[in-house]
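The structure under discussion appears below in the form of structure tokens.
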Amino acid sequence: MLPNFLSRTGLAAAATTLLAVPAVAQDPLTIGFIYPSPVADVGWAAELNNGRLAVEEHFGDQVRTLFVENVPEGPDAARIMNQMAAQGADMIMLGSFGYMNDGLTLAQRNPDMTFIHASGYEVAPNFGNFQSRNYESSYLVGMAAGDVTETDTIGIVAAYAIPEVIGMINAFTLGIQEINPDATVRVVWLNSWFDPPKAQESARALMAQEADVIYSLYQDTPSVVTVAEEEGVWVINTSSDMKEYAPNWLLASQVADWESYFVESVQATLDGTFEGSAFWGGMADGTVDVRSWADAISDETMAKIEEASAALRAGEFHPLTGPIVDQAGTERLADGEVIEDGALLGIDWLVSGVATNLPQ
Amino acid sequence: MDVLIFIVGGTLAAATALIFAAMGELVAEKSGVLNLGIEGMMATGAAMAFVVLSLSGSYTLGFVAGAALGMVLSLVHAALTIIFRANQVASGLAVGILGLGLSSAIGKRYEGRTVAGLPENGIPFLSDIPVIGPMFFQQDIMVYLSILLIPATWYVLNRTKLGLTIRAIGESPEAAHALGLKVRLIRTGCVAFGGAMAGIGGAYMSTAYTPLWAEGMIAGRGWIVVALTVFGTWMVGRVAFGAYLFGSISLLELSIQAFGLNIPSQLMSALPYLVTIVMLAIISRNPTFIKLNSPASLGATLKLS
């Protein structure tokens with residue numbers, strides 16, 4: 001852990017200099033944003049930052065935003081959010097799971113402030129959390145993958161086996177099987193949140209074993225996408241549209257859009273009506289969507305995808321609907337049974353058809 | 001067969017950055033200066049090379065710029081430890097952290113961008129041989145340069161007067177000084193060489209191996225280099241062997257995962273580190289031998305009149 005610790009403290013020290021904002025009168029609502037990684041053109045922090053820009057655009061002079069990027073979870077994050085509070089922030093957006101406990105403590109000490117937190121589970125009167133039902137779009141891109149694969153082998157590059165990722169892998173695999181029941185899915189777990197060279201090596205390892213569609217699951221950089229373009233293998237990306245990085249071989253991009261949720265939360269804070277809740281945005285409210293479908297997907301499959309999207313938008317269909325059997329052959333959901341949100345939050349099994357086991 | 005090509009061919013590329021940085025670190029340590037800032041120097045080299053390549057379109061300029069900046073950083077370390085007699089561990093760590101911050105600042109506007117990777121021209125005719133061709137002869141130029149660097153480093157250190165001087169200074173700078181050898185100058189040169197090689201290693205990561213810039217993309221490889229030098233008991237061949245071993249096991253691990261073998265992936269992720277340490281510990285288990293090869297003054301503050 002030594003190298004990580006060193007690199008992070010060094011960078012966080014550099015990041016805090018961005019906080020040098022002049023203390024001004026309380027007039028505009030001051031909103032602080034904390035991102036776990038640097039804001040790039042694409043990726044998780046970029047999506048969150050788009051939400052911030054949307055808030056600025058929507059409210060104009062009513063708000064003042066400040067942000068700190070590349071903040072490691074732990075003491076650094078706690079320090080930065082406390083500093084924001086001390087500088088008169090009225091609202092803070094916490095962009096990473098591990099900011100949760102420090103943020104909650106700060107929220108309890110400052111009942112006048114409001115907080116929105118990405119991907120956690122804690123809720124307080126002035127502390128809400130938000131996450132996306134990305135598994136809905138995973139199902140759709142899975143259908144496309146099932147259509148274009150010729151080797152019937154689809155590879156996934158994933159960071160860690162957390163419930164959100166497991167849910168997405170399951171929905172993706174079920175989507176594939178809807179179109180192509182014979183396909184197998186192989187997963188390489190990086191066991192690292194951030195290692196672009198390793199992500200690229202993993203994609204090559206999957207290609208060497210005949211995978212002709214690669215699902216780049218929450219890789220924040222275009223590492224996997226560029227190697228797929230180079231090798232001429234289909235690739236699907238999560239969280240930002242990466243069409244420009246793989247103009248020929250991008251099959252589709254799953255995107256998450258936080259703009260409307262951020263604007264609503266800021267409005268509620270301005271109105272004094274903010275109430276902490278768990279926001280789980282999906283295709284129905286436009287938080288989750290798929291962009292840049294490739295032309296290579298057959299018309300027949302595309303029609304099915306359209307149909308499934310419409311059903312998802314209307315809230316009539318859940319990708320994890322029984323009968324679903326897990327890898328060991330145990331029935332997890334009976335015919336017609338829909339997985340509950342609570343079960344999805346703690347999901348720890350993969351559907352049959354995924355060749356790789358979960359790291360236990 | 002594809003898997004074998006992937007592992008064998010991939011290993012050469014995967015180890016290239018490690019080989020450059022490790023040969024540089026080896027030379028610096030042989031002269032008695034421990035440089036723990038390799039990670040930061042690689043990161044800075046990577047950022048600089050990426051930016052220069054993006055602006056100029058020239059790989060040569062990119063590598064030169066990466067090497068130059070790595071060297072500049074290492075000269076800070078050299079100044080602190082050799083002239084101002086700072087503690088080598090503390091100075092190395094500080095310069096390393098400085099390098100990481102600097103890489104972030106240099107690459108800020110390029111975060112998440114990509115470039116076309118260094119072309120894998122390979123060696124004509126030989127690259128057409130089935131199996132062997134794609135494994136060994138379809139690599140980019142830096143892979144071959146890194147392979148040449150191994151015997152070159154060995155030759156200079158063990159068969160030239162310069163190498164003898166470096167080793168003598170590493171053993172006893174006081175004695176070397178008494179003999180009239182330019183201890184400070186030679187040490188500074190060795191550290192600068194180490195910094196330049198770390199910069200080239202970093203540049204290889206961001207312009208050839210994973211042609212993109214993302215802050216933190218070196219992801220601990222600089223520390224692997226430091227470990228390889230120590231576990232390889234400061235012997236060129238063993239350090240190089242360690243780098244290739246580490247590279248191949250990392251790729252083997254991913255292949256095994258991709259194959260779907262039911263082995264816990266956390267264990268698999270630890271495998272490259274485990275195997276490399278165990279292997280090098282086994283071949284380097286002779287204590288007398290370690291004593292003979294480790295530079296006696298390594299890490300010690302210079303005490304010259």
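Each chain gets a letter, A, B and so on, in the order the sequences are listed, and its residues count up from 1. Atoms considered below: every heavy atom in the structure, side chains included; atoms not considered: hydrogens, waters and symmetry mates.
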- Side chain, backbone, both or neither: which part of A/Val354 has a heavy atom under 4.5 Å from chain B? neither
- Does a donor on one side chain and an acceptor on the other come within less than 3.5 Å for A/Asn237 and A/Ser253? no
- Item | Contacting region of A/Glu201 [heavy-atom separation from chain B under 4.5 Å] | both
- Message: Is it true that A/Glu73 and A/Ser96 share a donor-acceptor pair across their side chains at a distance under 3.5 Å?
- Response: yes
- Proximal component of A/Thr226, with respect to chain B [non-hydrogen, under 4.5 Å]: side chain
- Query: Which region of B/Met205, side chain (C-beta onward) or backbone (N, CA, C, O), has a non-hydrogen atom less than 4.5 Å from a non-hydrogen atom of chain A, or is it both or neither?
  - Reply: side chain
- Message: What I want to check is whether the side chains of B/Tyr209 and A/Gln200 have a donor and an acceptor closer together than 3.5 Å.
- Response: no
- Looking at A/Ala211, A/Pro38, A/Ser37, A/Ala355, which makes the most heavy-atom pairs under 4.5 Å with chain B? A/Pro38
- Message: Which one wins on heavy-atom pair count under 4.5 Å against chain B: A/Lys198, A/Arg186, A/Gln209, A/Glu244?
- Response: A/Gln209
- Item | A/Glu231 and A/Arg204 ion-paired at < 4.0 Å | yes
- Can you say whether B/Phe259 sits under 4.5 Å from chain A via the side chain, the backbone, both, or neither, judging by heavy atoms? both
- Task: Determine, for A/Asp326 against A/Arg332, whether the closest basic-nitrogen to carboxylate-oxygen distance falls under 4.0 angstrom.
- Result: yes
- Message: Please classify the contact between A/Thr221 and chain B as side chain, backbone, both or neither, with a heavy-atom cut-off of under 4.5 Å.
- Response: side chain
- A/Val187, part contacting chain B, at a heavy-atom distance under 4.5 Å: backbone
- Query: Does the separation of the ring centres of B/Tyr204 and B/Phe20 fall below 6.0 angstrom?
  - Reply: no
- Query: Do B/Arg109 and A/Asp41 meet the salt-bridge criterion of a basic N to acidic O distance under 4.0 Å?
  - Reply: no
